[in-house]
Amino acid sequence: MKIGLVSPYPWDVPGGVVAHVRDLAETLIDMGHDVSVISPVDDEDAPIPPWVTRAGRTVPVPFNGSVSRLIFGPVSAGRVRRWLQEGDFDVLHLHSPETFSLSLLALMNARGPIVGTFHAAMARSRLLALLQSPLQVQIEKIVGRIAVSPAARKTIVEHLGGDAVVIPNGVHVARYADAQPLPGWPGDGGALGFVGRIDEPRKGLAVLLEAMPYLWKQHPELRLLVAGPGELDEPVDERVVLLGQVDEADKARVYHSVDVFVAPNTGGESFGIILLEAMAAGTPIVASDLDAFRRVLNGPDGGRTGVLATVGDPESLAHACGALLDSPKRRESLRRAGLASVERYDWSVVAQEIVRVYETVAVAAVGPVVEDPESVEAPAAGSPAE
Amino acid sequence: MALYIAAAVAAVLLAVYASWTARRLDRLHARVDAAAAALDEQLAQRAETAARLAQRADLPRAAVTDLAKAAVGVADAVGLGHDRETLENALSRALQDASASLSPNGAETAGIIDVVTRVSFARRFHNDAVRDALAVRRRWVVRLLHLAGHAARPSYFEMDDTALAISDVAAASAPYD
């Protein structure tokens with residue numbers, strides 16, 4: 001099939017949605033499909049794969065407590081239109097079309113077999129409620145909607161009044177399974193691991209740092225390996241090692257470098273890709289008892305492939321980690337359970353499911369993706385541009 | 001005079017809004033029709049798979065009889081009305097019973113899961129299109145000016161399309177619910 005993918009965020013800024021688009025594109029290409037991606041790229045010199053088309057740079061705009069990188073303007077619109085015309089796609093797949101991003105711009109300019117994947121799980125926001133009706137007009141052009149988790153699906157149902165099929169996020173299992181530990185890790189004193197933005201409170205590093213002193217009573221040599229961008233306000237103990245931002249290959253090595261992977265998130269998680277990565281690496285998991293995490297940690301045979309700890313409670317977290325550090329046998333059984341469970345999240349499986357959506361939608365839409373005549377007639381209708 | 005101008009402006013605005021809504025509704029009706037065609041196509045594929053499965057000699061007699069009967073029933077069905085829902089549900093049950101005797105990892109099971117998944121996707125997308133169209137049909141401008149014209153009122157298609165009760169498969173699709 002000729003597939004056009006739209007990435008809402010800059011290709012050269014690491015993030016979950018962009019990683020999803022990249023992995024999906026690579027898997028589809030391996031499967032023999034003809035794939036083209038259009039994405040914002042912030043750095044004009046950043047290297048991009050030959051199948052990515054540059055749509056221009058993004059503009060940072062503060063929104064909902066964090067900074068959104070948006071892409072607007074006639075230059076990007078023109079590039080999207082040309083990409084759509086030249087692509088002659090059997091299916092157009094937009095990511096996060098509910099955000100004011102390149103995906104929405106593409107949606108405004110296209111009609112036909114359009115698929116949209118909704119990544120976010122959000123609480124009801126007043127701004128979104130206000131924008132609902134102009135957004136609705138565009139969103140209703142999407143023929144097949146995918147949510148990456150039940151939480152993301154719930155967001156669609158509540159915000160947009162539609163429905164979606166749930167297809168989970170994928171992970172390249174082999175890439176994570178085959179990695180080597182970083183030199184000197186995990187070491188004899190034991191090691192815990194954390195992956196995520198260190199200054200994003202919802203990722204929960206602060207909870208884990210508070211849990212460490214409890215653990216050091218029994219395990220004085222225990223080290224904590226932290227991978228992820230951001231700045232901390234206070235200095236950390238020397239047994240805590242901050243790696244900063246790491247690339248994907250090193251991230252895979254981080255999971256192999258620790259005895260227990262910890263996900264102390266306090267909320268706001270739609271899915272929990274880090275848990276899949278840890279499972280693929282064969283690392284036992286201690287995770288906050290969040291709905292999204294509980295689902296990912298449900299094994300195929302009904303068992304749990306990780307240990308749950310009370311959300312935001314350092315003592316509970318320390319207790320769960322301590323119990324695992326003390327029991328190599330339990331760690332081994334979790335390792336096996338995780339490896340068996342993560343198979344169904346391998347990109348080869350997940351992409352197959354997404355292709356089924358493409359095929360269903362291609363039958364439903366009769367004909368390829370074309371330019372929306374109304375977008376040319378009245379570009380301002382319902383348009384958030386500028 | 002001012003009143004006339006105001007009335008004229010209001011009339012023009014209403015006309016613009018009405019024609020824009022009419023085009024929007026047209027587009028939604030077209031989406032419903034296409035989604036219905038896709039659902040019909042996927043249901044036909046499922047019936048074909050069921051008919052092929054009914055040819056197998058090594059399945060229990062009762063399961064094969066049910067399957068063949070249900071497959072013939074849906075093969076004659078036209079449209080996506082309530083009768084069709086009943087017939088497709090009978091086929092869902094027959095498929096479920098028959099697949100209980102198949103190897104969970106076999107090619108046939110994989111084929112059934114494939115068609116059943118496609119049906120559930122197509123049905124979700126169809127009902128989604130119906131929901132969007134009905135929402136616009138409920139607007140005052142549509143009702144006041146009869147913008148829906150003679151287009152038939154779209155209706156949801158309800159049937160049991162849950163995954164098959166084969167242990168591995170049911171578990172693997174659990175996160176999808």
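A, B, ... follow the sequence lines: proteins, then strands. Residue 1 opens every chain. All of these numbers come straight from a predicted model, not from anything done at the bench.
Looking at A:A164, only its backbone comes within 4.5 Å of chain B, counting heavy atoms on both sides. The parts of B:D114 that come within reach of chain A are both its backbone and its side chain, each placing non-hydrogen atoms under 4.5 angstrom from that chain. Both the backbone and the side chain of A:D163 come within contact range of chain B, with heavy atoms under 4.5 Å apart. In this structure, the portion of A:I142 lying under 4.5 Å from any heavy atom of chain B is its backbone and not its side chain. There is no contact between B:L39 and chain A, counting heavy-atom distances below 4.5 Å.
When all heavy atoms of B:F121 and A:E353 are compared, the pair lying nearest together is CE1-O, 3.6 Å.
For residues 125-134 of chain B, the interface with chain A (any heavy-atom pair closer than 4.5 Å) comprises B:F125, B:D128, B:R131, B:D132, sorted by residue number.
No salt bridge links B:R31 with A:E140; every basic N to acidic carboxylate O contact stays at or beyond 4.0 Å.
Around CG of B:L13, the count of heavy atoms belonging to other residues, nucleotides or ligands within 6.0 Å exceeds 12.
By the salt bridge (Lys or Arg N to Asp or Glu O under 4.0 Å) test, A:D346 pairs with no residue at all, sequence neighbours left out.
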Inset, instruction - Before giving the answer on side-chain contact (heavy atoms from CB on, under 4.5 Å), spell out for A:T360 and B:E41 the whole-Å C-alpha distance, their side-chain angles and the decisive distance to 0.1 Å. - result: CA-CA 9 Å; A:T360 313; B:E41 166 71 22; over 6 Å; no
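Taking CZ of A:R145 as the start and CZ of B:R124 as the end, the distance is 12.0 Å to the nearest 0.5 Å.
With a 4.5 Å cut-off on side-chain heavy atoms, A:E359 and B:Q42 do not count as touching.
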